[in-house]
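One structure is given below, encoded as structure tokens.
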Amino acid sequence: MPTVSVKRDLLFEALGQKYTDEEFDELCFEFGLELDEITSEKEILIREQGGEKAEGASDVVLYKIDVPANRYDLLCLEGLVRGLQVFKEKLEAPRYKRVSPADGGEPQRLVITEETASVRPHAVAAVLRNITFTQERYESFIELQEKLHQNICRKRTLVAIGTHDLDTISGPFTYTAKPPGEIRFKPLSQSREYTAAELMSLYKTDSHLRHYLHIIENEPLYPIIYDSNGIVLSMPPIINGDHSKISLNTKNIFIECTATDLTKAKITLDMVVTMFSVYCDEPFTVEEAEVVYPDGRLSVYPELAYRTETLSGDFINKRVGINESAESIAQLLTRMCLRSEVSGEGDLIQVEIPPTRADVIHACDIMEDAAIAYGFNNIVRSTPRTYTVANQCSEEDIADKLRKNITETRAVHISNPKTADFQVARTSLLPGLLKTIAANRKMPLPLKLFEISDVVLKDETKDVGARNNRRLCAVYYNKSPGFEVIHGLLDRVMQLLDVKPGRNQGYHIQAAEDSTFFPGRCAEIFSCGKSIGHLGVLHPDVISRFELTMPCSAIDIDIEPFL
Amino acid sequence: MADNGLLESVLRLVEKVDGGTDSQDVAADLGVDHQVIVGAVKSLQALGEVISAEQKSSRHWELTGEGREIAEQGSHEARVFNAIPDEGLPQNQLMKMPSGKVGFSKAMSNKWIRLDKAHEGGPRVFKTVEAIEDTVRDKLQLVQKGQSAKLEDKEKNELKKRKLLSEVTVKSYWITKGSSFSTTITKQETELTPEMIASGSWKEKKFKPYNFEAMGVAPDCGHLHPLMKVRTQFRQIFLEMGFTEMPTNNFIESSFWNFDSLFQPQQHPARDQHDTFFISDPALAHEFPQDYLERVKKVHSEGGYGSQGYKYDWKIEEAQKNLLRTHTTAVSARMLYKLAQQKFTPVKYFSIDRVFRNETLDATHLAEFHQIEGVVADYGLTLGNLMGILHQFFTKLGLKKWVEVGNSGVFRPEMLLPMGLPEGVSVIAWGLSLERYVDTHT
């Protein structure tokens with residue numbers, strides 16, 4: 001769950017009300033959020049880096065609020081405040097409008113060339129006109145971009161956002177891709193120009209940017225956006241140019257989002273403009289921008305689309321388990337920024353889904369919001385009248401394995417193991433037991449351990465190419481190997497499974513050779529004529545390799561035939 | 001057990017004394033080490049109320065090893081003094097003597113000797129007085145004789161600083177007659193024997209009291225892993241609530257069943273290398289129910305069944321990637337699909353089995369853990385039903401604060417309808433981690 005950090009006092013100021021911590025915690029919970037932590041910059045530094053580093057850090061109280069991962073409209077203070085105000089019916093959800101440039105001027109234009117097709121083909125753009133920033137608004141603006149980058153933009157791999165002071169650049173803008181050696185500009189926060197290739201090495205040590213280099217590093221052409229005078233706006237997804245950087249005095253912002261997923265780019269752009277257009281002279285208006293594709297297609301952004309779904313009050317009541325009138329449900333939904341009206345026909349409700357709610361993709365999402373607004377704690381708990389008769393694990397598909405050749409051990413390999421210990425899905429329970437003994441060498445002897453669990457074997461007949469195999473493994477570790485103890489265990493297990501000793505219908509053991517066991521001290525176990533495993537004294541090499549010092553005997557059998 | 005003879009000697013001493021006696025005195029009288037008497041006291045105590053012994057601790061002064069040496073041979077400074085002939089002694093020679101260094105500075109501060117630095121042939125040490133009194137030795141000898149009380153505390157602390165004396169705490173016992181005091185020890189039997197029963201001799205014997213504070217002999221038996229014990233508990237609860245166990249014996253799963261069939265988009269962060277373990281061999285799954293796969297592809301990329309979908313390019317190559325399952329919900333998906341291929345009947349399923357997540361390992365997070373999952377599928381289930389079932393489940397478990405322990409929800413139509421489940425059917429599910437529960441409740 002993403003966590004949004006907001007200054008408590010700013011939050012209360014925007015909400016127009018003060019809350020105690022408990023009251024705010026309650027409010028969050030009602031709305032479907034979680035107040036995760038109340039802290040301050042100072043406390044965070046103390047915790048992460050120690051007392052000295054925290055000297056002089058801010059004491060301002062911060063609220064860390066957990067929001068659902070698909071609620072891109074709650075990732076900044078502006079969005080949270082808006083959502084909460086509408087929820088508490090203190091505010092009507094604003095109507096976001098795309099407008100043409102004032103005085104009949106030409107919209108800003110971004111032209112995409114065909115070179116971008118192989119590396120990052122899509123782009124969208126928009127303009128925020130006559131915006132007023134304060135220090136807090138500016139920081140919130142930057143922070144939202146970062147949150148979106150981490151979240152819907154999938155760490156900039158799907159979408160990257162660039163925001164620019166429009167008054168420092170002039171369109172039409174060109175989005176193209178060039179060989180790294182041919183790109184040269186002064187990036188944000190640097191004092192001189194660099195080529196793209198130089199930037200790749202420069203940012204290798206940057207704790208923030210180095211995680212994004214891989215996205216374009218090995219491409220023959222790097223994406224780059226220029227204005228009509230050849231000034232670099234940005235090199236997505238890495239860094240913006242210094243020239244067009246935004247300051248507190250910026251009045252007009254040009255926003256571009258480049259992407260490998262167009263749908264997500266549109267949603268991202270919509271989020272940035274809906275959240276921050278509140279600070280424009282004409283609040284909630286966004287000036288259009290045109291994007292031209294290599295094939296000449298022209299699209300106008302931002303989309304800011306509103307869409308309508310019609311559903312019945314009955315649908316909501318049935319799914320949630322409540323009994324509200326259509327009017328009442330319409331009101332609940334409106335509180336969740338889903339403006340709704342009873343349509344007049346029966347109990348049908350027209351629900352309008354705004355561009356800020358890209359997470360609503362099906363009527364069931366609308367139902368969920370109705371339930372949240374109603375209050376989960378207000379829903380009566382009831383037991384489903386589902387009548388069923390239960391079974392323990394079905395023996396069916398295990399029986400088909402009776403015909404399999406179980407002694408073939410072909411291991412399944414993990415491609416991204418956590419550590420060397422995780423390279424292969426285990427094909428035997430024995431190593432795990434021996435490692436446990438090694439970790440408990442100081443315990444009084446004898447050590448007797450067993451495990452009944454699954455191992456994984458390759459199997460081409462299965463759709464995924466592998467299957468589990470239920471096995472029993474036991475070890476006895478003592479000053480003397482104790483073969484008779486392990487043998488006794490086998491006898492007892494067979495007794496419990498109702499398998500009598502005997503060559504044909506029962507079980508028997510006979511001498512065998514197996515590299516894991518000491519020669520002459522190993523036997524293969526047969527049940528109903530089929531081999532199910534081995535028992536014996538472990539080979540001294542095996543014992544030493546697990547850093548053990550005492551003799552050890554073990555049994556390792558497949559128990560699926562008996563299930 | 002101390003020798004009976006010694007015990008009886010101790011008893012006789014105690015008998016003679018009116019109030020009581022200190023064990024140290026007993027040791028002195030009988031001429032044995034104090035520790036031996038302590039042993040005797042303990043043995044006597046074990047016999048019952050023969051004596052009553054109260055522990056006391058007393059402190060007294062003792063000579064250290066160096067102290068003893070000085071008591072015998074004289075203090076360093078005295079030895080230095082006595083070693084200087086009338087014509088004096090070169091300093092460097094003096095310093096080479098065993099007590100030289102220590103004794104020299106002490107003797108100087110006592111003004112017993114003087115140093116002539118300018119003497120020809122090198123600095124030379126001379127006596128300043130005719131004779132001296134080795135007070136340090138005298139004091140030590142007093143302590144040795146047990147007369148440390150004659151010395152003032154200040155003097156004793158001085159010597160302690162010089163590491164010649166040490167204060168020792170001695171724990172001794174104040175022994176008095178007990179309620180069943182007698183000077184004879186009757187031999188105590190440890191156990192009843194068959195012979196005693198046969199002959200009836202047990203009537204005349206005294207038996208050693210049992211120590212009920214000690215532990216018994218642990219029976220030779222095996223034990224289940226705590227996780228397995230709790231797993232059994234959960235299994236019981238599910239079975240009692242009418243849930244059928246799902247076969248979860250496949251750790252390896254395809255991305256299709258683990259993610260796509262559950263309507264989790266292919267670009268979702270959980271499908272990252274950082275959260276999931278992928279398989280290099282066998283890397284790809286090769287068999288899928290083809291019609292169903294097409295429907296899943298459509299709902300992801302175009303929408304349908306009343307949904308907008310995710311509107312991205314769905315790729316078969318992503319879906320084919322094998323992985324170590326990240327949740328047992330993949331098994332639930334398989335079961336629901338199977339259910340949808342026949343005439344639908346309401347079901348309640350559960351599973352408790354291992355899942356794998358590529359998480360940062362620390363004291364409370366493992367890469368492998370056990371997930372508990374419950375699924376109910378029926379017509380017309382509501383959110384109220386979900387909460388009702390959860391309430392029942394966690395009540396049976398005895399858990400009050402269950403909100404933070406697990407997750408729950410209703411499966412989306414984008415997941416159920418492509419499988420072919422009838423429209424009015426709702427499926428609710430919930431899960432928690434076995435380890436987390438065991439962690440907080442054992």
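Atom set for the values below is all heavy atoms of this structure, side chains included, hydrogens, waters and symmetry mates excluded. Within every chain, numbering begins at 1; the chains are lettered A, B, ... in the order of the sequence lines, protein sequences first and strands thereafter. Here the structure is a predicted model, which is why all the values come from computation and not from measurement.
Using a 4.5 Å heavy-atom threshold, the side chains of A:H362 and B:V299 count as separate.
Interface check for chain A: of the options B:S307, B:S254, B:A285, the most heavy-atom pairs under 4.5 Å are formed by B:S307. Between chain A and the residues B:E368, B:H225, B:M241, B:E359, the largest count of heavy-atom pairs under 4.5 Å involves B:E359. For the options B:L383, B:T276, B:D281, heavy-atom pairs under 4.5 Å to chain A are most numerous at B:D281. Of the residues considered (A:G321, A:G465, A:P384), A:P384 shows the highest number of contacts with chain B, using heavy-atom pairs under 4.5 Å. Note: B:E414 leads B:E414, B:E240, B:M228 in heavy-atom pairs under 4.5 Å with chain A. Considering only heavy-atom pairs separated by less than 4.5 Å from chain B, the leading option among A:R426, A:K448, A:E451 is A:R426.
With a threshold of 4.5 angstrom between heavy atoms, B:F243 approaches chain A through N, CA, C or O but not through any side-chain atom. Contact annotation for B:A377: only backbone heavy atoms (N, CA, C, O) come within less than 4.5 Å of a heavy atom of chain A. Of the two parts of B:Y305, only the backbone, made up of N, CA, C and O, holds a non-hydrogen atom closer than 4.5 Å to a non-hydrogen atom of chain A. Looking at B:Q392, only its side chain comes within 4.5 Å of chain A, counting heavy atoms on both sides. In this structure, the portions of B:N358 lying under 4.5 Å from any heavy atom of chain A include both its backbone and its side chain. In this structure, chain B has no heavy atom under 4.5 Å from any part of A:E368. Only the side chain of B:V376 comes within less than 4.5 Å of a heavy atom in chain A; its backbone stays farther off. For B:T345, no part sits under 4.5 Å from any heavy atom of chain A, backbone or side chain. For B:L323, no part sits under 4.5 Å from any heavy atom of chain A, backbone or side chain. B:L324 touches chain A through its side chain: at least one heavy atom from C-beta onward sits under 4.5 Å away, while N, CA, C and O do not.
Annotation: the span from B:H391 atom NE2 to A:R381 atom CZ amounts to 5.0 Å, rounded to 0.5 Å. Atom CG of B:N322 is separated from atom CD1 of A:I414 by 10.0 Å, given to the nearest 0.5 angstrom. In this structure, CG in A:N416 is found 6.5 Å from CZ in B:F277, a value given to the nearest 0.5 Å.
The existence of a salt bridge linking B:K311 and A:D261 is excluded, since no basic side-chain nitrogen approaches an acidic carboxylate oxygen closer than 4.0 Å.
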**Message:** Please evaluate residues A:T383 and B:N385 with respect to the criterion side-chain contact (heavy atoms from CB on, under 4.5 Å), reporting the C-alpha separation (whole Å), side-chain torsions for both, the decisive distance (0.1 Å), and the verdict.
**Reply:** CA-CA 5 Å; A:T383 328; B:N385 290 153; over 6 Å; no

**Request:** Please test A:V464 against B:R325 for side-chain contact (heavy atoms from CB on, under 4.5 Å), starting from the C-alpha separation and ending with a verdict.
**Result:** CA-CA 12 Å; A:V464 295; B:R325 66 177 177 215; over 6 Å; no

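Shown here is B:K396, whose NZ atom has more than 12 heavy atoms of other residues, nucleotides or ligands within 6.0 Å.
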